[in-house]
Protein chains: 2
Amino acid sequence: MAEGSRVTVPSTRATIVDVARAARVSRQTVSNVLNRPDKVAPPTLERVRAEIARLGFTPHVTAQQLRRRKAAAFGFEVNPSGHAKMGHILDEFLVQLTVAAPGHGSHVMTFAPDPEDVVEGYRQTLATGLVDGFVLADTRPGDPRPQWLLEHDVPFVAFGRVWDLPDLHQWVDVDGGIGVRHAVAHLVEAGYDRIGFLGWPAGSPVGDDRRNGWLAGLADAGRTDPDEAEAEESVQDLDQATAAAERLLARLGPGSAVVCASDMLALGAVRAARNAGLALGPDVGVVGFDDTDVAEALSVTSIRQPIAEAAQTAWRMLLSPRSTEPVLLVPELTVRSSSTRTPSSAATRPHDTLITEEQQ
Amino acid sequence: MAEGSRVTVPSTRATIVDVARAARVSRQTVSNVLNRPDKVAPPTLERVRAEIARLGFTPHVTAQQLRRRKAAAFGFEVNPSGHAKMGHILDEFLVQLTVAAPGHGSHVMTFAPDPEDVVEGYRQTLATGLVDGFVLADTRPGDPRPQWLLEHDVPFVAFGRVWDLPDLHQWVDVDGGIGVRHAVAHLVEAGYDRIGFLGWPAGSPVGDDRRNGWLAGLADAGRTDPDEAEAEESVQDLDQATAAAERLLARLGPGSAVVCASDMLALGAVRAARNAGLALGPDVGVVGFDDTDVAEALSVTSIRQPIAEAAQTAWRMLLSPRSTEPVLLVPELTVRSSSTRTPSSAATRPHDTLITEEQQ
DNA sequence: GGAACGGGTTTGAACGTTCCAACAAATGCG
DNA sequence: CGCATTTGTTGGAACGTTCAAACCCGTTCC
């Protein structure tokens, strides 16, 4: 073993053997220091740790992956066309997943979908041994991925409900319905008379969820017969959304408010209010969804999904036994001037702990 | 696919030795089939390939990484707070980087910044052996990362100019200036009289770049004395942006147009036009930057950065020798009704190849 | 006082692949 | 025809780590 004679040139990274030699112990003891410190005698422990620090040794994760036969990494499929789909919620989710990863001793590997077959990208990625499993996002009814992963015994967790498999509990989602419900309560408390809903046509699970939250919110406030609602096909067609919001506001009358299923729809509502010569906040209340930069720029109150918490929950589920329950997180309301009736009440902070006000 | 049909118990994945045994050759020959097919006799090649297909063998990348002493993966630092900074350009860049990765035989690993020290996250990530280098984004003057990576001989490429190291050519960026310049030309051609600029205060490299593009565009059109410009501090404060746009439009007079340094500023310009009772397109032209969903929703013409191409270029630079030149990509203009003076000319497609019209 | 125990440490082997040197057979050359 | 060269293939070793079992030695137990 004359390999490490040249002490001066640290051209190559320090390995566990280098540390072992320096601390006058065997490789395995160094390994134990790192992985089972309780099994090592205190003096030895200290000596080895000193050498680790001195040599700046960091374990070679690739070698660990090979020997341990697990990657401690999970794959996340990015969607190249998803630009307009779920806003940028999924981008933020990926970021938060990455941020939370080290805390769970893991990593995130992104990969692109196979254009041919949905599951093929997953099969390939898994076969490389670079990941132990996957974090799914953008789950939808008819999604073949959960079924396939279950069949092949691949660990995974979904961000979004897994609609087709009621027995599968490995998912986190944000309870949009309760978010809207709280928004309605907030608008009632703020003093708006009637509270309408601007959403998407019935049929989409997410959209229906939010609409039901609106109905529940009205029921909470003792409104037995629902206020008006309008539905828009496209999130992008702002002109139609604006027109729908105009009709909605006309029917609701002055002093009313509109809860929207997205910030883009809220932008339509804001334009409708302007067109009708109504002041945003004092004359008409507007609440959006997702708390995007648009809502921030327009100073529109918006329902914010707790993405960081969702990412944490995802890791917890991934790394814990299958017995977990699904988790529905409660979104928070970022209150801005669009839901403030009077200038004086702008300073009044709601006491509901679920509602936070943005600090400027 | 009878890939792993129950010939034997396929509980464990097929390895290169399994293939070798089945094809009655040595491991090394199988390895050669995969890596240097030219060195293998045709009959053998065919036989081994058949077995590879039959057994559904995929090389274990982790083992390759260890033996080859390279990961064929690059790290990308995600920014948890960057939500509002560069729009969602960086999110899209990460996606496109991931999409292009397999074409270059590589992968992308995301990692979070170390809160303490900027380069520490890079040091750590590199030490694990999980990546060979990095793709930097969001470079700014004074950025310590390029210097450190150079000193430690770590391969990297930057998306965004590397300001402090003029001799470093390992970067791709989008030429915002020429994008604005083309936008000005487009507006001139569309028949707008005076063309203003709504941007950020002087001092930011990106903002100055775009403003200079505006000036260059005016010069192209033979305007020796520049039209009016306004600068806004914050991209988010839409009310101030709107007010600035109102002043700008008032000074420019009817039939003029405004080029904006961001889509959010363009939103301010759109509001200003509405407030002034001017029709967007016929009465006043507006062009935004980044072609976000806001621009799409408002039907605002916007300058789109060629992110997919930037990602491709980044990979090319990473995997080629250091001798490459830096690359400045030319953005495209997505033309919408906000820069169309007359209804008839809406159908007219500009002949400039750099300008594309969105197909609906 | 020998056997059983147990904490602490070491050694051999393995994870799945590629590098490297060696080798056998076929080919070229003088 | 003998020898050098090429072509195709092979086996040993190594990448850096952890698993599994063995080992050493001081205690405890009957």
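Residue numbers begin at 1 in each chain, while the letters A, B, ... track the order of the sequences.
A:Leu66 places its CG atom 10 Å from the C1' atom of D:dT18, with the value rounded to the nearest Å. D:dG8 atom P lies 9 Å from atom CG of B:Asp38, rounded to whole Å.
Using a cutoff of 4.0 Å between basic side-chain nitrogens and carboxylate oxygens, A:Asp18 and A:Arg21 are scored as salt-bridged.
Nearest-nucleotide assignment on DNA chain D puts the 5′-proximal partner with B:Thr29, out of B:Thr29 and A:Leu34.
Below 30°, between 30° and 60°, or above 60°: for B:Trp315 and B:Phe74 the angle between ring planes is above 60°, a perpendicular geometry. By the 30° and 60° cut-offs, the orientation of the rings of A:Phe93 relative to A:Phe76 is tilted.
B:Asp91 pairs with exactly one of A:Leu90, A:Val78, A:Asp91 by the side-chain contact (heavy atoms from CB on, under 4.5 Å) rule, that one being A:Asp91. Residue B:Val19 forms a side-chain contact (heavy atoms from CB on, under 4.5 Å) with just one option from B:Val33, B:Thr29, B:Val30, and that option is B:Val30.
At least one donor-acceptor pair under 3.5 Å links the side chain of B:Thr139 to the backbone N or O of B:Arg161.
Residue contacts for A:Ser26: at a heavy-atom cut-off of 4.0 Å it reaches a base atom on one of the strands shown. Contacts of B:Thr62 with the nucleic acid, taken as non-hydrogen atoms under 4.0 Å apart, are absent. Using a 4.0 Å heavy-atom criterion, one finds that A:Val40 contacts the sugar-phosphate atoms exclusively.
For DNA chain C, the span of nucleotides reached by chain B at under 4.0 Å from its heavy atoms goes, 5' to 3', from C:dG16 to C:dC20.
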The test is side chain to side chain contact (heavy atoms under 4.5 Å, CB included); show your working for B:Gln312 and B:His104 and say whether it passes.
CA-CA 9 Å; B:Gln312 283 288 359; B:His104 299 266; 3.0 Å; yes
Atom pairs and distances, donor-acceptor, side-chain atoms in residues 42-52 of chain A, under 3.5 Å, two or more places apart:
unit_1: A:Arg47; atom_1: NH1; unit_2: A:Ala23; atom_2: O; d: 2.4
unit_1: A:Glu51; atom_1: OE1; unit_2: A:Arg54; atom_2: NE; d: 3.0
unit_1: A:Glu51; atom_1: OE1; unit_2: A:Arg54; atom_2: NH2; d: 2.8

Expected string for nucleotides 19-26 of chain D under the B/S/- scheme (protein heavy atoms, under 4.0 Å, primed atoms plus P, OP1, OP2 as sugar-phosphate) is BB------
